[in-house]
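Below you'll find the structure, written out as structure tokens, and then a few comments.
Residues: numbered from 1 along the sequence shown.
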Amino acid sequence: IFSIVVFGSIVNECYVNKDNTNPELLCIFNENESACSYGIAVGVIAFFGCIFFFVVDLYFQQISSVKDRKRAVLLDLGFSGFLSFLWFVAFCFLANQWQRTKMTRGVSQGADAARAAITFSFFSIIVWVALAVKALQRYRLGTDMSLFATDQFTADPNAAYPGYPTGSGIESTETYQSPPFTETLDANPKGYQVPAY
């Protein structure tokens with residue numbers, strides 16, 4: 001959403017005429033075309049990147065290969081970190097150029113849009129850094145293979161094994177709680193007679 005606000009406000013209102021005699025549209029940010037182009041480019045890249053990773057998140061559980069899941073998480077981490085940097089540069093560049101802009105009648109018409117682009121560039125830095133941190137946490141969770149495995153394991157490794165489910169009512173309602181292979185063998189079990197030779 002922030003990327004739509006940034007490139008939408010730049011495209012719609014940040015190109016103005018310098019004066020009434022010249023019909024050429026100039027960028028509102030200190031008449032620097034690079035500032036407007038950079039803001040639009042980063043906004044469009046972020047928008048399409050968000051759509052792509054939203055689709056990846058929807059189909060993440062259906063990715064059967066552990067390597068492909070790991071690549072998806074690493075791609076998300078790298079892209080989020082890269083976009084954090086691009087938004088930081090965009091914020092600094094747009095704010096610097098706006099500070100140097102001389103206020104004229106044409107500039108004052110698009111001033112709100114320019115301020116909105118700068119403000120939402122700053123908010124985008126925070127959002128993309130948060131996404132990068134979330135992707136890093138997801139990657140670290142994946143190193144123990146619980147994220148990349150298809151079956152989810154119980155959280156407590158010391159939890160007792162559940163018993164067989166009771167179905168007909170004839171079976172015992174007690175669940176098996178003792179660990180396997182630790183039974184003590186009785187020398188003379190009940191009901192068994194040792195044969196005399």
Can you tell if the side chain of F85 reaches within under 4.5 Å of the side chain of I125, non-hydrogen atoms only? no
For Q109, all residues meeting side chain to side chain donor-acceptor pair (under 3.5 Å), sequence neighbours excluded: none
Which value, rounded to the nearest 0.5 Å, describes the distance between F53 atom CZ and L58 atom CG? 13.5 Å
Parallel under 30°, tilted from 30 to 60°, perpendicular over 60°: which one fits the rings of Y38 and F93? perpendicular
With a 3.5 Å distance limit and no angle check, can you tell me whether T101 reaches the backbone of N30 through a side-chain donor-acceptor pair? yes
Is there a side-chain contact between F52 and L75 (heavy atoms, below 4.5 Å)? yes
When hydrophobic residues are tied together by side-chain contacts of less than 4.5 Å, even through go-betweens, does L131 share a cluster with F54? no
How long is the straight-line distance from OG of S121 back to CG of L86, given to the nearest 0.5 Å? 11.0 Å
Do I1 and F120 belong together in a cluster built from hydrophobic side chains that touch within less than 4.5 Å? no
4.5 Å side-chain heavy-atom contact, F88 and V129: no
Applying side-chain contact (heavy atoms from CB on, under 4.5 Å) to I40 and V11, what does each step give before you reach the verdict? CA-CA 7 Å; I40 293 169; V11 167; 3.6 Å; yes
Using a 4.5 Å cut-off on heavy atoms from C-beta on, say whether the side chain of I126 contacts that of W87. no
Transitive ILVMFWY side-chain link I51 to F82, under 4.5 Å: yes
Kindly indicate whether the side chain of Y139, heavy atoms from C-beta on, has any atom under 4.5 Å from the side chain of D76. no
All heavy atoms of S124 vs all of F2, minimum pair found to be OG-CB, 3.2 Å
Within a strict 4.5 Å, meaning less than it, do heavy atoms of the L74 and R71 side chains meet? no
Over all atoms of both residues, closest heavy-atom pair of A113 and S9: O-OG, 3.6 Å
Decide yes or no for L83 and I45: does some side-chain heavy atom of the first lie under 4.5 Å from some side-chain heavy atom of the second? yes
Kindly indicate, with the supporting measurements, whether the criterion ring-ring contact (aromatic ring centres under 6.0 Å, His included) is fulfilled by F123 and W128. CA-CA 9 Å; F123 291 153; W128 283 99; over 10 Å; no
Please identify each residue that fulfils disulfide (SG to SG under 2.5 Å) with C27, with sequence neighbours left out. C36
Nearest atoms (heavy-atom pairs only) where A72 meets F60: CB-CE1, 4.3 Å
Rounded to the nearest 0.5 Å, what separation is found between the CD1 atom of I118 and the CD atom of Q99? 9.5 Å
Atom of R115, atom of M103 and distance for their closest heavy-atom approach: NH2-CE, 4.3 Å
Quick one: is the NZ or CZ of R100 closer than 6.0 Å to the six-membered ring centre of F29, and within 45° of its axis? no
Work out which heavy atom in A117 is nearest to a heavy atom in I10; give both atom names and the distance. CB-CG1, 3.9 Å
Test Q61 against R69 for side-chain contact (heavy atoms from CB on, under 4.5 Å), laying out the working first. CA-CA 9 Å; Q61 293 299 325; R69 285 184 178 205; 3.9 Å; yes
